2 protein chains.
Amino acid sequence: MKKKTPTGTVLYTIEQTIKEYRKICQKNIQKIVSDITVDQCLVLIILNDNSNISQIEMARLIFKDNASVTRIIELMVKKDYLVREENELDKRKSKLVITEKGLHTIDLLTPVFNLNRKTALDGLSAEEIEQLDRILHKIISNCKTS
Amino acid sequence: MKKKTPTGTVLYTIEQTIKEYRKICQKNIQKIVSDITVDQCLVLIILNDNSNISQIEMARLIFKDNASVTRIIELMVKKDYLVREENELDKRKSKLVITEKGLHTIDLLTPVFNLNRKTALDGLSAEEIEQLDRILHKIISNCKTS
DNA sequence: TAATTATATTTGATATATCAATTAATTGCA
DNA sequence: TGCAATTAATTGATATATCAAATATAATTA
């Protein structure tokens, strides 16, 4: 059996990391709000800070496929976190508006998001985080230009 | 008029990285073998190096849920990459055996896997990769013990 | 202006993620 | 031995991922 070196496995460690992080996110979110997912919550927060963005822009911001965003938003509308209104300027786009329930949920969950980040990055220095970011962006760049 | 978003943090860079990496993996795999996914391919390679492992062990190795593994393997059996045989020693477990087609696929795709890794990590020094690995494991540990 | 091209979103099909509940087989212990 | 607890795998329900094709609207150009 082969010896395991980081070179052979670090890419899987990346996958493992994000999965562990998403687990604690979901766990902490559900303590406060039971019917929302990590991704739906993320959509709310992004939309709150960037009003009037299209689904495509949202998809880019959260690194998801357009089709995924359509379905995530569909579920959020069903659960009364969002409403779709008409975009007068461009009828292809939909105007996403946060409901009262959505706004309240943001208030409840913003501290949870901060806690999650803090928990995950606990004990890491600013330099380490910068290095991590730099190395990851290098990998992203390698993949994109391949 | 874009403000800062949660996805601007390094934790989402991790997510973005793994998504970009999986994209090039899938792209390169499909040039050679059209009816297999990245995850299915990974199962094949793991099984080849670790014969006689149970689905639960497989799930741990590839950081997936048992239910996901059940379904991945189900599809692989349908596509004749694997067969399930009886485990005489413990009838709860299933014995996963790679078919001829599976073995041939491993031969075809092992170089692709190596190329994918090499592409993604191109230009990174051994130290950088070790640092990346170390920092990620720290985050994993933070999440697990939270 | 009509026809073409581009863009935003949706829909369909299939794969995977996650949790909870279930089934079947095995183990541990009174 | 007999039964409770544990373990391995499956199944159901719902959410997300991905690609391709379809729609609808907007922008461009001949």
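Reminder, nothing fancy here: chain letters follow the sequence lines and each chain counts from 1. Nothing here was measured: the structure is a model prediction, and the numbers come from that model. Side chains are part of it too, since the values below use all heavy atoms of this structure and drop only hydrogens, waters and symmetry mates.
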What donor-acceptor contacts under 3.5 angstrom involve side-chain atoms of residues 139-146 of chain A, with partners at least two apart or in another chain?
unit_1   : atom_1 : unit_2   : atom_2 : d
A:Asn142 : ND2    : B:Ala120 : O      : 2.8
A:Asn142 : ND2    : B:Asp122 : O      : 2.8
A:Thr145 : OG1    : A:Ser141 : O      : 3.0
A:Ser146 : OG     : A:Cys143 : O      : 3.2

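- Every side-chain contact (heavy atoms from CB on, under 4.5 Å) that B:Ser125 has, sequence neighbours left out, goes to B:Glu127, B:Glu128.
- Contacts of residues 14-25 of chain B with DNA chain C (heavy atom under 4.0 Å): none.
- Contacts between residues 87-108 of chain B and DNA chain D, defined by a heavy-atom separation below 4.0 Å, involve B:Arg92, B:Lys93, B:Ser94, listed by number.
- Within a 6.0 Å radius of CD in B:Glu85, other residues, nucleotides and ligands contribute more than 12 heavy atoms.
- Heavy-atom distances under 4.0 Å link DNA chain D to B:Arg84 of residues 77-84 of chain B, given in residue order.
- Between B:Leu75 and B:Ala67, the residue whose closest nucleotide on DNA chain C is further toward the 5' end is B:Leu75.
- A salt bridge (Lys or Arg N to Asp or Glu O under 4.0 Å) check over residues 11-38 of chain B, counting only residues at least two apart or in different chains, returns the pairs A:Glu15-B:Arg22, A:Arg22-B:Glu15, B:Glu15-B:Lys19, B:Glu20-B:Lys23, B:Arg22-B:Asp39, B:Asp35-B:Lys101.
- When DNA chain C is scanned 5' to 3' for any atom under 4.0 Å from a heavy atom of chain B, the first and last hits are C:dA15 to C:dT26.
- Listed in residue order, the members of residues 33-43 of chain A having a heavy atom less than 4.0 Å from DNA chain D are A:Thr37, A:Asp39, A:Gln40.
- Distances shown here put every side-chain N or O of B:Gln26 at or beyond 4.0 Å from the OP1 or OP2 atom of D:dC19.
- Under the side-chain hydrogen bond (donor to acceptor under 3.5 Å, both in side chains) criterion, A:Arg60 pairs with no residue, sequence neighbours left out.
- Partners of B:Glu86 by side-chain contact (heavy atoms from CB on, under 4.5 Å), not counting sequence neighbours, listed by chain and number: B:Glu88, B:Lys91.
- Residue pairs meeting the salt bridge (Lys or Arg N to Asp or Glu O under 4.0 Å) criterion with at least one partner in residues 69-79 of chain B, sequence neighbours excluded, are absent.
- Each end of the helix from C:dT1-D:dA30 to C:dA30-D:dT1 gets its own rotation axis from five pairs of C1' atoms, and the angle between them is 10° to the nearest 10 degrees.
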